[in-house]
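Take a look at the structure below.
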Amino acid sequence: MQKSPHIQKPTGAFVAAAWAAMLVGALTYLSGLWNAQMQLNEKGYYFTLLMYGLFSAVSLQKSVRDRLEGIPVTGIYYGLCWLSLGLAVLLLTVGLWNATLADSEKGFYAMAFLLSLFGSVTVQKNIRDGAQFKGVAAPDDDDIPTVR
């Protein structure tokens with residue numbers, strides 16, 4: 001049996017920094033899209049990549065954490081989480097590489113995207129650590145039966 005790691009309650013400053021990173025990254029990315037001089041289908045592509053990236057990053061973080069805590073995660077799901085995150089980053093890279101944007105705009109989108117992914121993973125970690133510190137199931141784990 002795997003020993004549970006000692007969980008500390010995240011500090012208020014760390015929680016605030018995580019939320020700020022996620023919101024600043026996502027809102028900056030979205031405001032750039034809103035003001036961009038590109039067709040609506042291009043804006044939709046970049047918006048979808050942000051949503052897909054955020055979901056896949058949080059899903060991967062949860063899968064990694066579940067495995068560390070001895071909660072069963074199938075290899076297929078774990079692999080799909082890694083594949084999804086890799087695809088989101090790859091698709092953004094290919095899209096920006098081929099876009100008719102200035103290099104500074106390409107860098108802007110890439111950095112805002114990565115900041116929002118980092119922030120989302122950290123926010124998820126803080127939510128889970130806070131819930132475990134209180135001794136309750138994390139909000140994303142409430143009704144999930146586990147196989148032991």
Side-chain angles (χ1 to χ4, degrees), residues 1-34 36 41-99 101 103 105-148:
M1 185 168 152
Q2 189 175 10
K3 183 181 174 186
S4 260
H6 176 70
I7 303 298
Q8 292 183 328
K9 182 180 179 188
T11 64
F14 188 65
V15 170
W19 276 99
M22 184 182 73
L23 291 174
V24 166
L27 292 176
T28 300
Y29 183 95
L30 292 173
S31 71
L33 275 183
W34 182 264
N41 63 333
E42 289 177 278
K43 289 182 180 186
Y45 174 79
Y46 289 112
F47 175 76
T48 302
L49 282 179
L50 177 65
M51 295 299 107
Y52 180 44
L54 290 172
F55 177 79
S56 62
V58 168
S59 188
L60 176 61
Q61 189 277 340
K62 183 181 179 338
S63 297
V64 168
R65 183 77 176 259
D66 283 352
R67 280 187 160 198
L68 283 173
E69 294 175 0
I71 299 170
V73 176
T74 64
I76 289 176
Y77 186 77
Y78 186 71
L80 283 173
C81 290
W82 276 108
L83 179 66
S84 290
L85 184 60
L87 278 175
V89 173
L90 178 67
L91 288 169
L92 181 75
T93 302
V94 169
L96 291 175
W97 184 271
N98 293 308
L101 300 170
D103 287 345
E105 290 176 289
K106 292 177 182 183
F108 165 85
Y109 286 111
M111 294 313 296
F113 182 80
L114 293 175
L115 178 62
S116 64
L117 292 187
F118 169 76
S120 70
V121 167
T122 310
V123 165
Q124 164 64 13
K125 179 192 179 310
N126 288 340
I127 289 170
R128 190 156 175 168
D129 286 350
Q132 283 188 339
F133 183 78
K134 291 178 189 174
V136 297
D140 60 345
D141 296 338
D142 281 346
D143 297 319
I144 299 172
T146 57
V147 179
R148 300 273 178 188

Smallest separation among heavy atoms of Ala36 and Tyr109, with atom names: CB-OH, 3.5 Å

Is it true that a side-chain atom of Ser84 and a backbone atom of Cys81 form a donor plus acceptor pair closer than 3.5 Å? no

Is the backbone N or O of Gly130 less than 3.5 Å from a side-chain atom of Lys9, with the two atoms forming a donor-acceptor pair by type? no

Can any side-chain N or O of Ser31 pair as donor or acceptor with the backbone N or O of Thr28 at less than 3.5 Å? yes

Taking it one step at a time, do Arg65 and Gln124 satisfy side-chain contact (heavy atoms from CB on, under 4.5 Å)? CA-CA 10 Å; Arg65 183 77 176 259; Gln124 164 64 13; over 6 Å; no

side-chain contact (heavy atoms from CB on, under 4.5 Å) between Lys62 and Asp66, worked out: CA-CA 6 Å; Lys62 183 181 179 338; Asp66 283 352; 2.8 Å; yes

Thr122 and Trp19, any side-chain heavy atoms less than 4.5 Å apart: no

If you measure from CG on Leu83 to CD1 on Ile76, what distance do you get to the nearest 0.5 Å? 12.5 Å

Fit a plane to each ring of Phe113 and Tyr29, take the angle between them on a 0 to 90° scale, and name the class: parallel (under 30°), tilted (30 to 60°) or perpendicular (over 60°). tilted

Please report the C-alpha distance between Val15 and Ile127 in whole Å, then the side-chain angles of each, then the deciding distance to 0.1 Å, and finally whether the side-chain contact (heavy atoms from CB on, under 4.5 Å) criterion is met. CA-CA 9 Å; Val15 170; Ile127 289 170; over 6 Å; no

Does Phe55, at its CZ atom, have more than 12 non-hydrogen atoms belonging to other residues, nucleotides or ligands within less than 6.0 Å? no

Distance from Leu30 atom CG to Lys43 atom NZ, nearest 0.5 Å? 11.5 Å

Among all residues two or more places apart in sequence or in another chain, which pass the side chain to side chain donor-acceptor pair (under 3.5 Å) test with Ser59? Tyr77

Answer yes or no: are there more than 12 heavy-atom neighbours, outside Met111 itself, under 6.0 Å from its atom CE? no

For Ser116, all residues meeting side chain to side chain contact (heavy atoms under 4.5 Å, CB included), sequence neighbours excluded: Ala26, Leu50, Leu54

Looking at every non-hydrogen atom in both residues, tell me the closest pair between Asn126 and Ala18 and how far apart they are. ND2-CB, 3.5 Å

Looking at every heavy atom in both Ala88 and Gly53, which two are closest together, and how far apart are they? CB-CA, 3.8 Å

With a 6.0 Å cut-off (strictly less than), is the heavy-atom count around CZ of Phe118, excluding the residue itself, greater than 12? no

Residues Lys106 and Leu101: closest non-hydrogen pair is CE-O, 3.4 Å

CG on Leu87 to OG on Ser56, rounded to 0.5 Å: 8.5 Å

With a 4.5 Å heavy-atom cut-off, do Leu60 and Val121 have their side chains touching? no

Is there side-chain contact between Leu92 and Tyr46, with at least one heavy-atom pair below 4.5 Å? yes

Check the pair Val64 / Tyr78 against side-chain contact (heavy atoms from CB on, under 4.5 Å), numbers first and verdict last. CA-CA 8 Å; Val64 168; Tyr78 186 71; 3.8 Å; yes

Can you find a heavy atom in the side chain of Arg128 that is under 4.5 Å from one in the side chain of Glu69? yes

Quick one: closest heavy-atom pair of Ala21 and Leu115, and the distance? O-CG, 3.4 Å

